J.: 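Structure in structure tokens, see below.
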Number of protein chains: 2
Amino acid sequence: MGPQLTGAKRALGPRDRAPGEPGPLSRDAVLARALDIINLQGVERLTLRRLAAELGVSPMAIYRHVANKADLLDGVLDLLMREADVTAHDEEDWLDWLCETFLRMRVTLLAQSGALALIVSRASLGPQGLGVIEAVLARLAQRGIPRFEAARVFHHLMTYTLGSVAMLGPILQQDPALADPDERARRIRANFELLPGRQFPQLTRHGAELAAAFRDDAFAGEIRRIAKTARIGEENR
Amino acid sequence: MGPQLTGAKRALGPRDRAPGEPGPLSRDAVLARALDIINLQGVERLTLRRLAAELGVSPMAIYRHVANKADLLDGVLDLLMREADVTAHDEEDWLDWLCETFLRMRVTLLAQSGALALIVSRASLGPQGLGVIEAVLARLAQRGIPRFEAARVFHHLMTYTLGSVAMLGPILQQDPALADPDERARRIRANFELLPGRQFPQLTRHGAELAAAFRDDAFAGEIRRIAKTARIGEENR
DNA sequence: ACCTGAACACCGTTCAAGT
DNA sequence: ACCTGAACACCGTTCAAGT
């Protein structure tokens, strides 16, 4: 949505995405395939050689469209954010808008097994990520929230969202069955309760409560709480 | 401090850590060297072959003490937590105790360039990490905080801490000079302010405020705020 | 029990060459 | 301009062998 930050365009020629990938390679075609590999097989399986093989091309052909592997990863992360387009919804109330945006951000980052690893290893969300920050700050400014407050609230929301992904992501990666919230809660609880009770008396006792803290609505509740603090003017010293 | 979770013991024989690493290898000697490599050269340079070379040994010798590379990474993460020993301080007030614990956790994870990547790729903090959770829950229980509240507060503190590391870690990695808080603030601010102003009017305007949100005391303030919510009984619906 | 050497199936990347 | 082939310097890991 809106003007793209990279010069790349989606291939719109006569043959678009036909199976077997005919026509010349484009940067976007390379990135799209790379994202497919990440989604279907995980980041650690994304390899220049494998990517080339899936595109039916020599490993070196990819270097025409991508500077090196780091550039490939940057591109994939940016494509991920572009496709997720987390601010593309129409909540009217500013609080609902903030919550929905960060809920989508979290889902996006959790869906791709290695998105967080990508963020942590690269040093930013990329241009598309900057676009999200821009949109959030604009919304807060539009509501008349002072600059310092807006920056503070954005930073807290983003921090909490990334933290939540860091907490939950590795768990989800273990087993696709854990996408189901009930199954997830049962497993997390069991993980704690099955620890040696003598060594970890608290952990074994708190299994159910710790599992509950991983629930999606616990995240949503905290995001809303953080967002709400934006109304208060100067209070934190 | 306290009984170790792994059976491993620090080598205390006649020749302890002499240069050139004499005597037979031990799991702990291998892990210690691996941690050195991570600290001095970064995680991505931690390689079984390089590790072997630094230990003056054949690559395969390492497999006597470590199942595979994943096991090596788990071991290093555990060693990291063991050495940091974030609960080994004596704040008396429970609030101060919580804050100090998570401040130390953050510093520990930020200090090692790849600690977060380790956590995100492995699926837990390891046994030593569990020990930290145990200690935090014990402290909260001792204060008479109900189980559900204790789990909730711990989860929030941990989430926020990991998020903070995810936000700041990649920035610090770019340049060692950024360890200095003032230099860091200046650079973060410049990064935002130098963006194309037409595309990112908010980001360029909010540079100073966004940079301020990355300050250590902003983190400390939020941690304290989260910890304080533990006093309130049943309020969140 | 502990270590080594050679080998296998991979990596990312460079360079010279093809069309 | 775009792609290929061969090569280089690496990976993790297996297997048979040494002491």
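Since we're looking at a predicted model, the values are computed, not measured. Numbers restart at 1 for each chain; the letters A, B, ... are given by sequence-line order, proteins then strands.
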J.: Sequence neighbours excluded, which residues qualify as salt bridge (Lys or Arg N to Asp or Glu O under 4.0 Å) partners of E193(B)?
T.: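 Salt bridge (Lys or Arg N to Asp or Glu O under 4.0 Å) list for E193(B), sorted by chain: R189(B).
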J.: Mind jotting down which residue pairs meet the salt bridge (charged side-chain N to carboxylate O under 4.0 Å, His left out) criterion with at least one end in residues 101-111 of chain A? Sequence neighbours excluded, please.
T.: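 Output for this query lists E100(A)-R104(A), R106(A)-D216(A).
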J.: Under 3.5 Å, sequence neighbours excluded: what are the donor-acceptor pairs made by side chains of residues 201-208 of chain B?
T.:
{"unit_1": "T204(B)", "atom_1": "OG1", "unit_2": "F200(B)", "atom_2": "O", "d": "3.0"}
{"unit_1": "T204(B)", "atom_1": "OG1", "unit_2": "P201(B)", "atom_2": "O", "d": "2.9"}
{"unit_1": "H206(B)", "atom_1": "ND1", "unit_2": "Q202(B)", "atom_2": "O", "d": "2.7"}

J.: Can you find a heavy atom in the side chain of L72(B) that is under 4.5 Å from one in the side chain of N68(B)?
T.: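 No, every pair of side-chain atoms sits at 4.5 Å or beyond.
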J.: Stem list for DNA chain D, please, built from Watson-Crick and G-U wobble pairs under 3.5 Å and keeping only runs of at least 3.
T.: C:4-8 with D:12-16, C:12-16 with D:4-8
J.: Going by the rule salt bridge (Lys or Arg N to Asp or Glu O under 4.0 Å), which residues pair with R186(A) if we only count those two or more places apart in sequence or in a different chain?
T.: E183(A)
J.: Look at H65(B) and dC3(C) and indicate whether a side-chain polar atom (N or O) is within less than 4.0 Å of OP1 or OP2.
T.: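 Yes, H65(B) has a side-chain N/O under 4.0 Å of OP1/OP2 on dC3(C).
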J.: Name all residues meeting the salt bridge (Lys or Arg N to Asp or Glu O under 4.0 Å) criterion together with R215(A); count only those two or more places apart in sequence or in a different chain, and write none if there are none.
T.: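 Partners of R215(A) by the salt bridge (Lys or Arg N to Asp or Glu O under 4.0 Å) criterion, ordered by chain and then number, come out as D217(A).
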J.: How does protein reach along nucleotides 4-19 of chain C, written 5' to 3' as B (base within reach of a heavy atom under 4.0 Å), S (only sugar-phosphate), or - (no contact)?
T.: BB-B---BBBB-----
J.: Using ring pair (Phe, Tyr, Trp, His ring centres under 6.0 Å) as the criterion, list what pairs up with F192(B), not counting sequence neighbours.
T.: none
J.: Excluding sequence neighbours, so at least two apart, what forms side-chain contact (heavy atoms from CB on, under 4.5 Å) with T87(A)?
T.: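 Expected list: D85(A), W97(A), T101(A), V132(A), A135(A).
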